[in-house]
2 protein chains.
Amino acid sequence: MSNINELKNTGLKATLPRLKILEIFQTAKQRHMTAEDVFRILLDERSDIGLATVYRVLAQFEQAGLLNRSNFESGKAVYEINEGKHHDHLVCLDCGKVEEFYDAEIEKRQHAVASEKGFTISEHSLSIYANCTKVNCPNRTTEPVRHHHA
Amino acid sequence: MSNINELKNTGLKATLPRLKILEIFQTAKQRHMTAEDVFRILLDERSDIGLATVYRVLAQFEQAGLLNRSNFESGKAVYEINEGKHHDHLVCLDCGKVEEFYDAEIEKRQHAVASEKGFTISEHSLSIYANCTKVNCPNRTTEPVRHHHA
DNA sequence: GTATATGCAAAACTTTTGCATCCTT
DNA sequence: AAGGATGCAAAAGTTTTGCATATAC
């Protein structure tokens, strides 16, 4: 289905900024992007799309189910294409790299825990912050690494 | 051990603002507090402690291991006393209430997943966002509730 | 007494909003 | 043509920082 129809099906008008931003998420090298990341790409392409519009479109896309938002410990909201497959995140504390994973057992236990506490899960988010052991980790330091919670 | 010694053991001078803030975390009704929450309590007590100091002390306390910081979907950093017992959080989307839980199976699976991906876990954070089914949920609405990711 | 911590104000950053103008339908 | 969408600039909200003064050791 065309992106134009994809937008219309969600009730959103197929405007140029929305098409451009959707396309960026479909084609960018990095899957997880902040509003600023998207804006930077738009600037590089000389699209005259304002930062406020980027924020508005990202919020609308999340509402429409096209994107998912995550709040990692950076303090900035991060968006990614919603492909309908729920997953959790593993974030490298050294380089910020994000990997995705899905573990059925973890999912099951989460629902069990919520039930026990009298909650009904609508959404959940799990982020593991760790140090990747890759030699080529760009931000790798010789210093012992910070240990954060988020 | 006295709070004065507790601070000194971590290498922090036992200043009045630090003692006051530590005491607030030890005695407040709510376990999870933002910088603003702490500052509000200080204002109520007419302590002349600035907001900037609150932020600085919270960061130092986290560094020192006295507090743990979490970033829920609110966008504000939340702190709680570190009692050495790792746990995860269940956050009510209606009232913001935070419950804590620990599930050994989830922990085990998290380590397994990280290993598979070539990561070494130093810290991790899991937050389940859900709707509590309590009748007395303060912010309870009749409206269907927002479904967020974080 | 010296180094560190604090208060205040200003700045930095991310995100939101008001409003006139423009675009999609 | 009409209503929603956009751009710009200003505002809002959280957190950080510069600097003179005050405090702990």
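Just so it is clear, the values below take in all heavy atoms, side chains as well, and ignore hydrogens, waters and symmetry mates. By convention in this document, chain letters (A, B, ...) are assigned in the order of the sequence lines, proteins followed by strands, and residues within each chain are numbered from 1.
Separating the CZ atom of B:Phe61 from the C1' atom of C:dT6 is a distance of 14 Å, rounded to the nearest angstrom. Going from atom CD1 of A:Ile49 over to atom C1' of C:dC22 covers 14 Å, rounded to whole Å. Rounded to a whole Å, the CG atom of A:Leu51 is 9 Å from the P atom of C:dT15. Atom CD of B:Gln60 and atom P of D:dT15 are 16 Å apart (whole Å). Between B:Asn71 atom CG and D:dG13 atom C1' there is a gap of 15 Å when expressed in whole angstrom units. Rounded to a whole Å, the CG atom of B:Asp48 is 7 Å from the P atom of C:dC8. For B:Gln63 and D:dT16, the CD to P distance is 12 Å, given to the nearest whole Å. Atom CG in A:Leu7 sits roughly 17 Å away from atom P in D:dG4 (whole-Å rounding).
B:Lys108 meets the salt bridge (Lys or Arg N to Asp or Glu O under 4.0 Å) test with B:Glu105; sequence neighbours excluded. Remark: B:Glu23 pairs with B:Lys20 by the salt bridge (Lys or Arg N to Asp or Glu O under 4.0 Å) rule, at least two apart or across chains. Residues passing the side chain to side chain contact (heavy atoms under 4.5 Å, CB included) test with B:Arg40, sequence neighbours excluded: B:Glu36. Remark: B:Asp37 engages B:Thr34 in a side chain to side chain donor-acceptor pair (under 3.5 Å) (not counting sequence neighbours). Under the salt bridge (Lys or Arg N to Asp or Glu O under 4.0 Å) criterion, B:Glu80 pairs with B:Arg31, sequence neighbours left out. For B:Lys76, the salt bridge (Lys or Arg N to Asp or Glu O under 4.0 Å) criterion is met by no residue, not counting sequence neighbours. In this structure B:His32 satisfies the ring-ring contact (aromatic ring centres under 6.0 Å, His included) test together with B:His89, sequence neighbours excluded.
Under a 3.5 Å cut-off, the side chain of A:Arg69 and the backbone N or O of A:Leu67 do not form any donor-acceptor pair. With hydrogens and angles ignored, the 3.5 Å screen pairs no side-chain donor or acceptor of B:Asn3 with any backbone N or O of B:Leu19.
Within residues 19-42 of chain B, no residue approaches DNA chain C, by heavy-atom distance under 4.0 Å. Of the residues in residues 74-81 of chain A, none has a non-hydrogen atom less than 4.0 angstrom from any atom of DNA chain D.
Look at A:Arg109 and A:Glu107 and you find no salt bridge, because none of the NZ, NE, NH1 or NH2 atoms lies under 4.0 Å from a carboxylate O. Using a 4.0 Å cut-off between charged side-chain N and carboxylate O, B:Lys97 and B:Glu99 make a salt bridge.
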Exercise for review: Could you run through nucleotides 18-25 of chain D and give me one letter per nucleotide, 5' to 3': B if any protein heavy atom sits under 4.0 Å from the base, S if only the sugar-phosphate is that close, - if neither?
Suggested key: B-----BS

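A 6.0 Å sphere centred on CG of A:Leu43 holds more than 12 heavy atoms belonging to other residues, nucleotides or ligands. Around CD of A:Gln63, the count of heavy atoms belonging to other residues, nucleotides or ligands within 6.0 Å does not exceed 12.
In this structure, the helix from C:dG1-D:dC25 to C:dT25-D:dA1 shows an angle of 30° between the axis at its start and the axis at its end, each fitted on 5 base pairs and rounded to 10°.
Of all nucleotides listed (D:dT14, C:dT15, C:dT6), C:dT6 comes nearest to the side chain of B:Thr53.
Identified under the ring pair (Phe, Tyr, Trp, His ring centres under 6.0 Å) test for residues 8-30 of chain B, with sequence neighbours left out: none.
B:Tyr55 has a side-chain polar atom (N or O) that falls below the 4.0 Å cut-off from OP1 or OP2 of D:dT15.
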